[in-house]
Amino acid sequence: MEPQWTEKDFLSCSGSTKLAREMAAAAPFADLDHAIQFARDIWFNKVDVKGWLEAFAVHPEIGATSKPISQWSKEEQSAAMATSGGSAMQELFEWNGRYKEKFGFVFLICASGRGSPEILAELKRRFVNRPIVELETAAEEEMKIIELRLKKLFDSKLRTSSSQTARVSAGKHEVQKDRIGVIGGHLLAVAKVLSEKPTVTAGHTSRTRPPITTHVLDVARGSPASGLEVLLEMWKGAQSSPSIAERDSRSWVLHGSSITNSDGRTSPLMAITDDIEPGFYRISFNTGIYNPSGFFPYVSIVFEIRESQKSEHFHVPLLLSPFSFSTYRGS
């Protein structure tokens, strides 16, 4: 029998109600990988900051005993609990408090298989982050937890489905026929999903978003920067790499442009493809229009994608204030 999927199922994987609704509406999935691809797209491209915080809020602090903890949380924290002495757990508890006071949400880490010393060291390392940077780091850790729990959910659903199928087949005394039916049912489910859910682009790709993405955060206001023009270009010059003298060269070829939305994100700046063309890329932000009284008329970031990296994802955000900016490579 084909598993039935509900919002409650996906809420067990993440506290985000939007993610749970979108996943339940998109189900059934061909397989676990297909579900994870969908979840990543929803989590990073559709769930807003409030939705991220909603998901963070359901997680207990590592080692917490003051409120009920789900079985999955207990399993994920088992290595930490097994490697924690009284003094180590007390130090972890104290640092958790400092972290929450600074950032406003619980320290989030995919704790599965990690001992308490490793978790404490990571907490201290991330404690120095700026709030905007740490928010995205926490969101990436939440996605790791979602993937882990989706696997557990799929395993549980398949066991339940197999058990139900076995009972039906026993009642009909046609065990062998029902085994064939189960296999056929799964194949039909896959075919149904593939026929009903069009791919994002023509051709075959496992990506759910373009290889290069960005977002802009206004760190002075503490909010996403909306209405900011963004351009993505690739170097196509005779020289193998651009130089500072060629910053205005026509050898920079436009890939795409967009205006940031209310979440500070852009529409796709390039096509979705499994392997991006290696080379030098430039992403430019029209900061002068966004902040006329600021110090920077525009900001351009040039970076290289090597042959060995062509299947990877490159998230190049801009953290902007009137008199400073920074960037980093995200995932």
Side-chain angles (χ1 to χ4, degrees), residues 1-48 51-52 54-55 58-59 70-73 75-76 110 112 139-169 178-211 213 265 268 271-275 311-313 315 331:
M1 298 177 65
E2 184 177 319
Q4 299 299 308
W5 304 91
T6 66
E7 285 187 28
K8 185 177 179 181
D9 291 328
F10 295 107
L11 279 172
S12 67
C13 300
S14 171
S16 167
T17 52
K18 182 173 180 61
L19 184 139
R21 283 198 302 269
E22 296 266 356
M23 291 292 287
F29 298 98
D31 52 31
L32 174 61
D33 288 341
H34 189 210
I36 288 175
Q37 289 171 23
F38 245 83
R40 287 188 65 85
D41 180 50
I42 296 166
W43 179 248
F44 287 115
N45 297 321
K46 297 181 181 179
V47 177
D48 59 17
W52 284 1
E54 177 189 28
V58 304
H59 287 282
S70 71
Q71 182 60 36
W72 283 356
S73 289
E75 292 172 1
E76 290 155 7
C110 186
S112 183
E140 291 171 354
E141 290 296 319
E142 171 71 9
M143 189 63 233
K144 294 176 186 177
I145 296 170
I146 292 171
E147 292 182 14
L148 188 68
R149 293 185 175 184
L150 278 173
K151 183 179 186 306
K152 293 178 180 179
L153 179 63
F154 264 67
D155 289 345
S156 173
K157 286 286 186 180
L158 289 175
R159 283 196 301 270
T160 301
S161 178
S162 297
S163 176
Q164 291 173 343
T165 301
R167 287 197 296 271
V168 170
S169 62
D178 279 339
R179 285 177 179 171
I180 295 173
V182 171
I183 295 171
H186 282 296
L187 291 175
L188 287 173
V190 172
K192 179 182 178 183
V193 169
L194 294 177
S195 64
E196 292 181 351
K197 293 183 174 61
T199 54
V200 179
T201 58
H204 301 284
T205 176
S206 59
R207 292 187 191 263
T208 59
R209 52 183 173 166
T213 56
R265 298 182 182 275
I272 299 176
T273 180
D274 279 334
D275 293 332
S311 62
E312 298 178 18
H313 181 74
H315 187 64
S331 61

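Treat the numbers as computed from the prediction; the structure is a model and nothing was measured.
Glu54 places a side-chain N or O within donor-acceptor distance of the main-chain N or O of Thr17, the cut-off being under 3.5 Å. Remark: side-chain polar atoms of Ser14 are not paired, donor with acceptor, to backbone N or O of Leu11 under 3.5 angstrom. Listed for the Asn45 side chain is no donor-acceptor partner under 3.5 Å among the backbone atoms of Ile42. With Trp43 contributing its side chain and Glu140 its backbone, the two residues share no donor-acceptor pair below 3.5 Å.
Rounded to the nearest 0.5 angstrom, Leu148 CG and Leu153 CG are separated by 11.5 Å. To the nearest 0.5 Å, atom NZ of residue Lys151 and atom CG of residue Leu32 are 7.5 Å apart. To the nearest 0.5 Å, atoms SG (Cys13) and CD (Glu142) are separated by 10.0 Å. Distance check, rounded to the nearest 0.5 Å: CG of Asp155 to CG of Leu150 gives 11.0 Å. Taken to the nearest 0.5 Å, the NZ atom of Lys8 stands 9.5 Å off from the OG atom of Ser12. The distance from the OG1 atom of Thr6 to the CZ atom of Arg21 is 14.0 Å, given to the nearest 0.5 Å.
Note: His34 and Phe38 have perpendicular aromatic rings, judged against thresholds of 30 and 60 degrees for the angle between ring planes. The aromatic rings of Phe10 and Phe29 lie perpendicular to each other, with more than 60° between the two planes, well past the 30° mark.
The side-chain heavy atoms of Pro211 and Thr273, taken from C-beta on, include a pair separated by under 4.5 Å. Here the side chains of Ile146 and Arg40 are not in contact, with every heavy-atom distance at 4.5 Å or above. Residues Ser16 and Trp52 form no side-chain contact, since every pair of their non-hydrogen atoms from C-beta on lies 4.5 Å or further apart.
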For the pair His313 and His315, evaluate side chain to side chain contact (heavy atoms under 4.5 Å, CB included) and give the outcome as yes or no after the intermediate values.
CA-CA 7 Å; His313 181 74; His315 187 64; 4.0 Å; yes

Evaluate Asp9 against Met23 for side chain to side chain contact (heavy atoms under 4.5 Å, CB included), listing each step before the verdict.
CA-CA 10 Å; Asp9 291 328; Met23 291 292 287; over 6 Å; no

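Between Glu22 and Lys18 there is a salt bridge, since a side-chain N of the basic residue sits under 4.0 Å from a carboxylate O of the acidic one. Note on Glu141 versus Lys144: salt bridge recorded, some NZ/NE/NH1/NH2 to OD/OE distance being below 4.0 Å.
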